Amino acid sequence: MTYDFDRPVERVGTDSHKWQRYGEDVIPLWVADMDFVSPDPVVGALHRRVDHRVFGYSKPDKDLTRVIQERMMRLYGWDVSEEEIVFIPGVVPGLSLSFQMCAAPGDAVLVQPPVYFHFINDPVHRGRVLNDPPLVAKGETYEIDFDAFERSITDSTRIFLLCNPHNPVGRVFTAFELTRLAEICLRHRIVICSDEIHCDLIYPGFRHTPIAALGPEVADQTITLMSPSKTFNLAGLGAAFAVIKNPALRERWNREGQGLVPHVNIMGHVAALAAFREGQEWLDQVLAYLRGNRDFLARYVSEKLPNISMSRMEATYLAWLDCSRADIPGNASAFFLKEARVALNDGSEFGKGGAGFVRLNFACPRSLLAEALERMEEALRRV
Ligand SMILES: Cc1ncc(COP(=O)(O)O)c(C=O)c1O
């Protein structure tokens with residue numbers, strides 16, 4: 001079937017975090033979910049489960065495990081066995097469980113800012129120290145300074161939280177880059193927790209490699225986190241999974257999560273299975289639409305938002321805009337909220353290298369994106 005992503009979906013009054021935070025006159029382009037309906041097969045599967053009218057504890061169907069195994073093999077040639085897949089209600093709890101398990105309070109957690117704020121805030125809130133060698137801006141993209149990465153490691157560095165594809169800079173790290181990162185981590189006996197939640201939202205010309213798929217040595221030291229939530233717009237259903245090949249790590253993970261990390265809810269399982277099994281048609285269409293939005297946005301920024309530049313987006317629907325040369329009075333996201341009534345994420349939330357930037361979520365009908373950009377352009381004209 002053909003999905004019409006141009007058609008606006010009313011989200012006001014639907015318990016949407018994105019649409020609830022600001023006034024109704026604000027266009028919310030911040031938190032990472034899409035203003036698009038989910039794939040029809042997912043909606044159908046959820047309806048069938050609701051019609052059953054019993055919502056007891058759930059356990060994932062063997063089919064879900066099998067579908068994930070097949071997916072990993074088909075997309076990445078990655079052989080994952082049934083027991084290596086652990087279901088979790090979100091990727092963020094998976095990140096927290098990983099660093100809490102591997103790094104004691106006072107130990108260090110390695111991250112690459114500017115990066116998704118949970119990577120930075122959660123370890124610090126729980127008494128861990130950050131090693132945060134920043135990604136390096138190079139032209140319209142970002143690179144890894146491998147020497148700085150290795151130099152930041154100390155005797156107390158225990159875990160590297162990798163974000164690949166990277167939110168917010170939009171990079172898909174190459175197998176070469178991942179190999180170098182993995183070599184450094186192996187040399188220093190640092191566990192890798194790889195958040196790959198955006199791995200299906202990749203634009204043509206780029207290819208995702210799960211770092212654990214590089215080889216058995218890397219896999220043995222890696223916890224991989226994936227989810228259908230960004231891919232199929234199911235974030236509110238709380239379904240994700242970890243792939244942990246090392247049995248000792250997996251056993252610890254299960255033990256430490258016991259009593260803290262809830263099971264995935266029954267709707268999440270049903271939606272994940274339907275999405276992975278029957279969501280490809282929707283995904284192909286949404287990717288084409290997002291690509292159109294990305295290109296429209298990039299053109300608009302370069303032609304009409306003076307002195308603002310956008311990073312090259314290899315993946316995700318989260319654009320990273322450098323506003324530091326735009327003569328905006330004060331904080332750019334506060335400015336656009338007040339003067340344009342457009343809500344964006346403040347770049348400084350993403351740690352080192354984020355000040356002066358905003359993150360813009362363009363997973364919405366193009367007409368809404370255009371309206372937000374016109375408002376931003378107009379606000380800049382008034383400066
Ligand atoms: C890199 C990254 N990890 C995790 C999440 C959230 O994951 P979850 O909702 O499964 O906890 C997001 C959401 O934006 C994200 O961008």
Side-chain angles (χ1 to χ4, degrees), residues 15-18 21 28-36 38 68 85-100 109-123 135 142 159-173 192-202 208 210-211 223-243 257 260-265 267-269 271-272 275-276 290 311 313-320 343-347 349-351 354 357-364:
D15 300 328
S16 155
H17 187 34
K18 187 181 189 179
R21 177 178 274 188
L29 304 183
W30 62 291
V31 71
D33 69 23
M34 310 192 210
D35 294 328
F36 301 140
S38 287
I68 291 171
I85 299 172
V86 185
F87 292 96
I88 44 174
V91 164
V92 169
L95 284 166
S96 282
L97 190 56
S98 300
F99 78 71
Q100 294 195 63
V109 173
L110 181 56
V111 295
Q112 296 174 298
V115 69
Y116 182 48
F117 34 83
H118 280 286
F119 282 56
I120 292 173
N121 297 341
D122 297 359
L135 293 171
Y142 280 81
I159 185 165
F160 167 39
L161 304 182
L162 168 66
C163 191
N164 181 41
H166 193 280
N167 167 13
V169 310
R171 280 293 321 277
V172 179
F173 294 120
I192 301 167
C193 177
S194 185
D195 175 340
E196 303 184 11
I197 195 168
H198 295 283
C199 65
D200 295 304
L201 300 172
I202 308 267
H208 178 70
I211 193 166
I223 297 164
T224 303
L225 305 173
M226 289 183 173
S227 167
S229 70
K230 298 291 166 206
T231 313
F232 299 102
N233 203 27
L234 309 174
L237 290 171
F241 61 93
V243 178
L260 268 182
V261 181
H263 295 293
V264 175
N265 79 78
M267 294 301 179
H269 278 151
F276 282 141
L290 289 175
S311 295
M313 298 206 57
E314 302 171 354
T316 84
Y317 49 73
L318 306 165
W320 187 233
L344 308 167
N345 287 90
D346 178 359
E349 292 170 24
F350 298 81
F357 286 72
V358 293
R359 192 189 74 174
L360 184 154
N361 173 350
F362 58 78
C364 63

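No experiment lies behind these values; they were computed from the predicted model shown. Atoms within each ligand, like the ligands themselves, are counted from 1 in listed order.
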Inset, instruction - Go through ligand 1 atom by atom and flag the ones less than 4.0 Å from a non-hydrogen atom of G90. - result: 10 (O), 11 (O)
Legend entry - Non-hydrogen side-chain atoms of F350 and F357 separated by less than 4.5 Å: no
Inset, instruction - Find the distance between CG (L234) and CE (M34) and round it off to the nearest 0.5 Å. - result: 8.5 Å
Inset, instruction - Check whether any side-chain heavy atom of N361 sits under 4.5 Å from a side-chain heavy atom of Y317, and report yes or no. - result: yes
Legend entry - Any S38 side-chain heavy atom under 4.5 Å of N233 side chain: yes
Inset, instruction - Output the list of atoms in ligand 1 that are nearer than 4.0 Å to some heavy atom of K230, sorted by atom number. - result: 12 (C), 13 (C), 14 (O)
Legend entry - For atom 11 (O) of ligand 1, the protein heavy atom that lies nearest, with its residue and separation: V92 N, 3.0 Å
Legend entry - Backbone or side-chain N or O of V91 under 3.5 Å from ligand 1 N or O: yes
Inset, instruction - Have a look at W30 and tell me which of L360, N345, D346 forms a side-chain contact (heavy atoms from CB on, under 4.5 Å) with it. - result: N345
Inset, instruction - Tell me which one of D33, D195, V31 gets a heavy atom nearest to atom 1 (C) of ligand 1. - result: D195
Legend entry - Nearest non-hydrogen partners of S227 and I197, listed with the distance: CB-CG1, 4.0 Å
Inset, instruction - Kindly say whether the aromatic ring centers of Y142 and H166 come within a distance under 6.0 Å. - result: no
Legend entry - Heavy-atom protein contact below 4.0 Å for atom 9 (O) of ligand 1: no
Inset, instruction - Give a yes/no verdict on whether any heavy atom in H166 is under 4.0 Å from an atom of ligand 1. - result: no
Legend entry - Per-atom contacts, ligand 1 versus I197 - under 4.0 Å to a heavy atom: 1 (C), 2 (C), 3 (N), 4 (C), 5 (C), 6 (C), 7 (O), 10 (O), 15 (C)
Inset, instruction - Compare all side-chain heavy atoms of P165 with those of L201 and state whether any distance is below 4.5 angstrom. - result: no
Inset, instruction - Output yes when the distance from some N or O of ligand 1 to some N or O of H198 is under 3.5 Å, and no in every other case. - result: yes
Legend entry - C163 neighbourhood, listing ligand 1 atoms whose heavy-atom distance to it stays under 4.0 Å: 1 (C)
Inset, instruction - Return the option from N361, N164, N167 holding the heavy atom at the smallest distance from atom 16 (O) of ligand 1. - result: N167
Determine all donor-acceptor pairs shorter than 3.5 Å in which one atom belongs to a side chain in residues 111-120; sequence neighbours excluded.
{"from": "H118", "atom 1": "ND1", "to": "D122", "atom 2": "OD1", "distance (Å)": "3.3"}
{"from": "H118", "atom 1": "ND1", "to": "D122", "atom 2": "OD2", "distance (Å)": "2.7"}

Inset, instruction - Answer with yes or no whether A240 contacts ligand 1, where contact means a heavy atom under 4.0 Å from a ligand atom. - result: no
Legend entry - Ligand-side contact atoms (ligand 1) for residue partner A32, heavy atom cut-off under 4.0 Å: 14 (O)
Legend entry - Closest protein heavy atom to atom 6 (C) of ligand 1, given as residue, atom name and distance to 0.1 Å: Y116 OH, 3.5 Å
